[in-house]
Asks: 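What follows is a single structure, and I will ask about it in a moment.
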2 protein chains.
Amino acid sequence: MAKQVVPESARRRRRPTQQGTVLSERLIVHTALRVLREHGSTGLTARRLGTALGADPSTLYRYFAGMDDLTRAIGEELMGQALDSWSATGEWRADLRALGLAIHSSYLAHPQAAALTASRVTGRPREIAVDETILGILRTAGFPDAAAVRLYHAFIDLSLAFAALDAGALALTEEARATDEEMWTSTYARLPAESYPHIAATARLLAARMPHSAYPVVLDTLLDDAAARLASARRG
Amino acid sequence: MAKQVVPESARRRRRPTQQGTVLSERLIVHTALRVLREHGSTGLTARRLGTALGADPSTLYRYFAGMDDLTRAIGEELMGQALDSWSATGEWRADLRALGLAIHSSYLAHPQAAALTASRVTGRPREIAVDETILGILRTAGFPDAAAVRLYHAFIDLSLAFAALDAGALALTEEARATDEEMWTSTYARLPAESYPHIAATARLLAARMPHSAYPVVLDTLLDDAAARLASARRG
DNA sequence: CGGTAGAGTCAACGGCGTTGGCATAAGAGT
DNA sequence: ACTCTTATGCCAACGCCGTTGACTCTACCG
């Protein structure tokens, strides 16, 4: 078997598999995304991916060091899609907000994949590009370096943490997800008011709000705070 | 085998295993936490847990419907420990802050377990108790129901999302974690200033800040915002 | 138009969650 | 104190899983 994985750029011969497909990192990652969507976040297995590709499972080890390596490549793909779907306007607050939402929705577009990768930090190219972009927006907007780094840290971790949390909820099977959402109208809405007065009093509001993500609310709070600090620093 | 799991309260006979241990849900959950700590977040297996308990793996199915059910019980235990370590003072902002930090640090105290459970919502008793507590603090502080629910939602999801994110980082093996932290002094600090001017300019600040959690900063931002809204509503 | 080594295949290993059938001893009822 | 019932733990087995080493074949280099 492969002593070490051949980097994609150095790959020369493209021998088709028995079933005729010609493999590539790109094809494998995209097929993995499809398998994840169809079989859930725990449904990506070497055998299944091999079958989906029309190749022997062990062939994957010619392209990735193991399933863990493949997982990181999937995460990098999600981050890349977020960056591609975003464009700068020059208005720092709007740009940051849009970038955060782009990252969030890129992950939510592949919830099963996101649940697998969102808490991994890889240091791969597209991830670094996102970091450079965020820091650039903040420093160009006039934040001093210390404030920019502090805000960058809060921004990126907040976005990734919510991407993981919300993706985890979406990645459940359809029935499990429905059960979870209904929990606010079934379990929580029926708790006795004597023991749980506050939940009982707000049950209707909870059922309306909890199925949505809190990310936009928290993100806006963070950006409002940053804008206020920037304005007051300019005045003072 | 067990058609269905016998609830812990209805359990009568406590027959010791061949190796002499007397099982219980509590013992199993606590042993599972130990196994997770020793073998990592993917190291909890039915066979290993059975060995650690001195019991056959299949015996676990007398207590839990499957490994997934056990996982939820572990999450419930973490939430319970958070609630136990917290006490109210009556000052809403301080109480909320302390509760958030209690949840966060309860999860981080068992990072391998947290990585497994933080994004699950179970609707079990201790979890409901936490929800009731938070809503109680907010409504007693004078927030109208709509604002209380909005803030509750942001608060709990923020806390769980960061618990999961930060636990994920801590749950890596010691060497992998060290490698990740050093990435800010190795990879990021050495990126060429021509291609990555903003990262290069702030490399030292990044290396100092990134290994810590952004949770307290974001939590305080959220609570500051809430306090300001409450004060202005009182004035208006 | 060979020779070579890289890409795909095959078979196997040990470990996983889970199940059905079975032995046995704890506790209820007398 | 004795029996009876059945909850509880054990065993063996099933079909998955990731991964590996030895292999075959074929695309490309010269």
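Fair warning: this is a prediction, and the values are worked out from it, not measured in the lab. Below, chains carry the letters A, B, ... as their sequence lines are ordered, and counting in each starts from 1. Computed from heavy atoms alone, side chains included, the values below leave out hydrogens, waters and symmetry copies.
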Asks: So B:Leu60, base contact, sugar-phosphate only, or nothing? Heavy-atom distance under 4.0 Å.
Replies: nothing
Asks: Which nucleotide, D:dG18, C:dC22, C:dT9, lies nearest any side-chain atom of A:Ser58?
Replies: C:dT9
Asks: Passes side-chain contact (heavy atoms from CB on, under 4.5 Å), A:Leu78 versus A:Ile103? Steps please.
Replies: CA-CA 8 Å; A:Leu78 294 186; A:Ile103 292 171; over 6 Å; no
Asks: Expressed as a whole number of angstroms, how long is the span from A:Leu27:CG to C:dA7:P?
Replies: 15 Å
Asks: Roughly, in whole Å, what's the span from CE in A:Met67 to P in D:dG18?
Replies: 5 Å
Asks: Choosing from D:dT8, D:dC10, C:dG8, which nucleotide comes nearest the side chain of A:Thr59?
Replies: C:dG8
Asks: We want to know whether A:Asp69 and A:Tyr63 form a side-chain donor-acceptor pair, criterion being a heavy-atom distance below 3.5 angstrom.
Replies: no
Asks: Please report the distance, rounded to the nearest Å, between CZ in B:Phe64 and P in C:dT18.
Replies: 13 Å
Asks: Output the rounded distance in Å from CG (A:Asp69) to P (D:dG18).
Replies: 15 Å
Asks: Does D:dG9 have OP1 or OP2 sitting under 4.0 Å from an N or O in the side chain of B:Tyr61?
Replies: no
Asks: Show the nearest heavy-atom pair for residues A:Asp157 and B:Leu165, with the distance to one decimal.
Replies: O-CD2, 3.6 Å
Asks: Rounded to the Å, how far apart are A:Tyr63 OH and D:dT19 P?
Replies: 18 Å
Asks: Yes or no on side-chain contact (heavy atoms from CB on, under 4.5 Å) for B:Leu60 and B:Leu23, after CA distance, side-chain angles and deciding distance?
Replies: CA-CA 9 Å; B:Leu60 298 171; B:Leu23 299 179; over 6 Å; no
Asks: Verify the distance criterion only: is there a donor paired with an acceptor across the side chains of A:Asp131 and A:Tyr152 at less than 3.5 Å?
Replies: yes
Asks: Heavy atoms under 4.0 Å, any strand shown: does B:Leu44 hit a base, just sugar-phosphate, or nothing?
Replies: sugar-phosphate
Asks: Check the interface with nucleotides 12-15 of chain C: list each N/O to N/O pair with the protein under 3.5 Å, or write none.
Replies:
none

Asks: Could you state the CZ-P distance from A:Arg48 to D:dG15, rounded to the nearest angstrom?
Replies: 17 Å
Asks: Verify side-chain contact (heavy atoms from CB on, under 4.5 Å) between B:Asp84 and B:Arg126, making sure each step is shown before the conclusion.
Replies: CA-CA 10 Å; B:Asp84 290 344; B:Arg126 317 288 295 255; 3.0 Å; yes
Asks: Over how many whole Å does the gap from A:Leu70 atom CG to D:dG18 atom P extend?
Replies: 10 Å
Asks: In whole angstrom, what separates A:Asp56's CG from D:dC25's P?
Replies: 15 Å
Asks: Taking everything shown except A:His30 itself, do over 12 heavy atoms lie less than 6.0 Å from its NE2?
Replies: yes
